[in-house]
Amino acid sequence: MSDVRFGTAAAGGFAASGGFAAAGDSAGAVEAIESILARPHDEVLAECRRYVVGQEDVLREVVGLTYSCLQRMEMRARGVDDLDLPRACAFMLSGSTASGKSFVMKVVAKVMGLELVSIDCSGITGAGWVGDSVSSELRRVAGVMEKSDGRPVLAFWDEADKLVRKTREGGQSFDSQGNFLKLLDGGTLELAPEAQGQREVTLDAGRVLNVFAGAFMGIEGIVRKRLPSSGLELAGAASAAPGLLTTDELRARMNLQDLVSWGFMPEFVGRFGAVVCVPALTCANLRQIVKGSERSLERRVSNLLGAGRAFRISDAAADAIAREAHESGLGARRIDQVANHFEAEATVRLHADDSVNVATLDVDADGGLCLAFDFDEDVAEGAGVVPGADDAPCKTGAGEKDDPAVAGVTAGAGRFEPNERLIAAVDGAMAGARWADAAATAEGRELLARRLAHYQRWRVRDARSVDAAELLLEAVGGYLAVNRDPGMRQTLGYVCALLRFADIGMRDGWTYLDTLFFGRVEVCGLRGLEERASFDAAYCSCDAVRALSCYRRYLEFPEAVRREAVHLAQARATDAATSEREAAWLRADVNGVADAVDKEAPAGMTLMF
């Protein structure tokens, strides 16, 4: 007996045509999907290209299919009958191991703001179909959907080719027992309890975008047999031999009928919208992942080392690593395997030895990889760190002086003050927003911090950095609320300017932002909140205590998390300073917080937004 039942909810629950709950929930779903679709298609593609190397055609097709599925969900949420809409809201990715199938979907989900649930189908096959396999995964999907505030969920079924199993007779079989068919139909699934204490769960499958992915090793043979002349065509530049299609070329011609020949049920395959071929990464693609792209190994390791240190890879070393990764067949995974030892050695040396701040991965005379260490003044100055100058004022990076959206500190006559150009740029973008009203109370500052910190949460390497950024924003906002300096105002521009102090190191891990909260440094023009509160009763307020508490909790996070949190905390405001679209969205959010704060809340309760 199947552990998933298909049906309709009781009266007053789910609508027969759509499966959404009452009108309030349906309206919330429409609003959530509209907010995703409001972002231009080209803008999403451009953002994805920053992280995905060598899969331009795949990105374009996957983003297009995702938009189409979301539009179907939107119309369904508005009450349009399922029978009047395109049926398929699922597709299949086919590509060799390490071609980037999982990574592409993770990036697309994050850029578009979809909730992602990754499921390993090989585990389903191993555990058996009844009991804790398919139903358990669907319960996970339902749990994520319950917390998604109406946002669609992308269920990524990886290793889908493992769903087809070998029979004793040497054939292949695929038995879904109706679970996948009902899921892909997009109706309402009732998931029976599987263990003591569990409750029956209802899943609205119409709000789930199902993407299956698999390597399908050997399926090119099935494609070759189907093609005319046994897969022979006119010789092409990309062909491995005259007139013979390569594996990627054959996979590119793969269709739904080939999946049936592979072993899937026609009823299952018939519910897919398309099959997308993900070609293997070329040696040139792999070199970009090593060096020359935004997510290159070179940049990722430099981020790990922190401000004032850098990891560089010579052209010869980049070529050698790319060749090794390509020949191994493991793709980008092999790049990290080759570099792990050198990353660890560079990290230990650069953190332990102040006389060096740059590690360069190069090729030695024997053709092997080796590390060389050096000190680069430009790297040190660009991070605001001067070696050997314990209390000397730090310098800003050369590029920061001319960019109001990046600059945060101005050095002059030995003093560090908030950069007025940055403040003017951010506050100019905020003109018309009710920032002062929103930030007038501790509750409002908490809501504003949440709005700002969660802006680019999909980009973070460590999820804790979002929480750290929220605490940092609330702390700085609280500092401005109690600060008595007439030169400082409680604006978003000043928040961003003060956040830049967290990037300027002094010594022993101490930053200029720490002095803003804990100590007095007259030469830098910063006055410690904690020290002033010790002798000035005006600073012993609830706002001051809360600001100090938030900052102390922020400092409890690891250094790498704090570094990422600083940039996350600034991202939305600095983007608004350079983009009118971002500025308009930010103003709307700030005004929304102000409206929420205007509403009376019971004493002692935190406003939720």
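What's counted below: heavy atoms across the whole structure, side chains too, no hydrogens, waters or symmetry copies.
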- Any side-chain heavy atom of Arg251 within less than 4.5 Å of one from Ser94? yes
key: Audit row: Arg253, Glu249, salt bridge (Lys or Arg N to Asp or Glu O under 4.0 Å) steps and yes/no   = CA-CA 7 Å; Arg253 289 161 171 77; Glu249 288 171 334; 5.7 Å; no
Judged by modelled atom types alone, do Gln570 and Tyr455 share a side-chain donor-acceptor pair under 3.5 Å? no
Test item: Ser68 side-chain N/O and Leu65 main-chain N/O as donor-acceptor pair under 3.5 Å
no
Check this for me, if you would: do Arg60 and Glu56 make a salt bridge, where the nitrogen-to-carboxylate-oxygen distance has to be below 4.0 angstrom? yes
From the list Val338, Asp336, Ile289, side chain to side chain contact (heavy atoms under 4.5 Å, CB included) with Ile321 holds only for Val338
Basic-acidic side-chain contact under 4.0 Å: Arg563, Glu559:
yes
Side chain proximity check, Arg299 to Ser296, heavy atoms < 4.5 angstrom: yes
Charged N-O contact under 4.0 Å between Arg553 and Asp467:
no
Salt bridge between Glu43 and Arg581, side-chain N to carboxylate O under 4.0 Å?
yes
Rounded to the nearest 0.5 angstrom, the CG-CZ distance for Asp158 and Phe156 is 4.5 Å
**Report entry** Pair Arg199 + Glu146: basic N to acidic O under 4.0 Å
**Finding:** yes
Smallest heavy-atom separation, Glu343 atom then Leu297 atom, equals OE2-CD1, 3.3 Å
Requested in this report: Salt-bridge test for Glu324 and Arg334: reply yes if a basic N is under 4.0 Å from a carboxylate O, no otherwise.
Outcome: yes
So, do Phe212 and Phe180 have ring centers that fall under 6.0 Å from each other?
yes
Check: Just by distance, with hydrogens left out, do Asn285 and Thr282 show a side-chain donor and acceptor under 3.5 Å apart?
Finding: yes
#### Entry: Residue pair Val561, Arg461: steps toward the side-chain contact (heavy atoms from CB on, under 4.5 Å) verdict
CA-CA 9 Å; Val561 173; Arg461 292 180 296 275; over 6 Å; no
One should read off an interatomic distance between Met112 CE and Ser35 OG, to the nearest 0.5 angstrom, of 10.5 Å
Do Leu473 and Arg445 come close enough that some side-chain heavy atom pair is under 4.5 Å? no
Q: Compare all side-chain heavy atoms of Leu183 with those of Leu138 and state whether any distance is below 4.5 angstrom.
A: yes
**Prompt:** salt bridge (Lys or Arg N to Asp or Glu O under 4.0 Å) between Arg572 and Asp589: does it pass, once the steps are laid out?
**Reply:** CA-CA 11 Å; Arg572 186 163 194 192; Asp589 278 349; 2.7 Å; yes
- Glu61 vs Phe91 side-chain heavy atoms within contact, under 4.5 Å: no
| request: Salt-bridge test for Arg271 and Glu267: reply yes if a basic N is under 4.0 Å from a carboxylate O, no otherwise. | output: no
Counting C-beta onward and ignoring hydrogens, is there a side-chain heavy-atom pair between Val208 and Met145 closer than 4.5 Å? yes
* Asked: Does Leu568 reach the side chain of Val460, with side-chain heavy atoms less than 4.5 Å apart?
  -> yes
Discussion item. Could you tell me if Trp157 and Asn210 have a donor-acceptor pair between their side chains, going purely by distance under 3.5 Å?
Written reply: yes
Rounding to 0.5 Å, atoms CD1 (Ile36) and CE (Met73) come to a distance of 9.0 Å
Of all heavy-atom pairs linking Ala98 and Leu330, the shortest is CB-O, 2.9 Å
Separation between SG (Cys277) and CD (Gln55), nearest 0.5 Å, reads 8.5 Å
Check your understanding: With a cut-off of 6.0 Å (strictly less than), are more than 12 heavy atoms of other residues, nucleotides or ligands near CZ of Arg333?
Key -> no
CE of Met75 to CD1 of Ile33, rounded to nearest 0.5 Å, is 11.0 Å
OG1 (Thr66) and CG (Leu209) are apart, to the nearest 0.5 Å, by 5.5 Å
Requested in this report: For the pair Glu159 and Lys162, find out whether any cationic side-chain nitrogen is under 4.0 Å from an anionic carboxylate oxygen.
Outcome: yes
Heavy-atom check, side chain of Leu286 versus side chain of Val290, under 4.5 Å = no
Look at the rings of Phe268 and Phe272 and say which category their plane angle falls in: under 30° parallel, 30 to 60° tilted, over 60° perpendicular. perpendicular
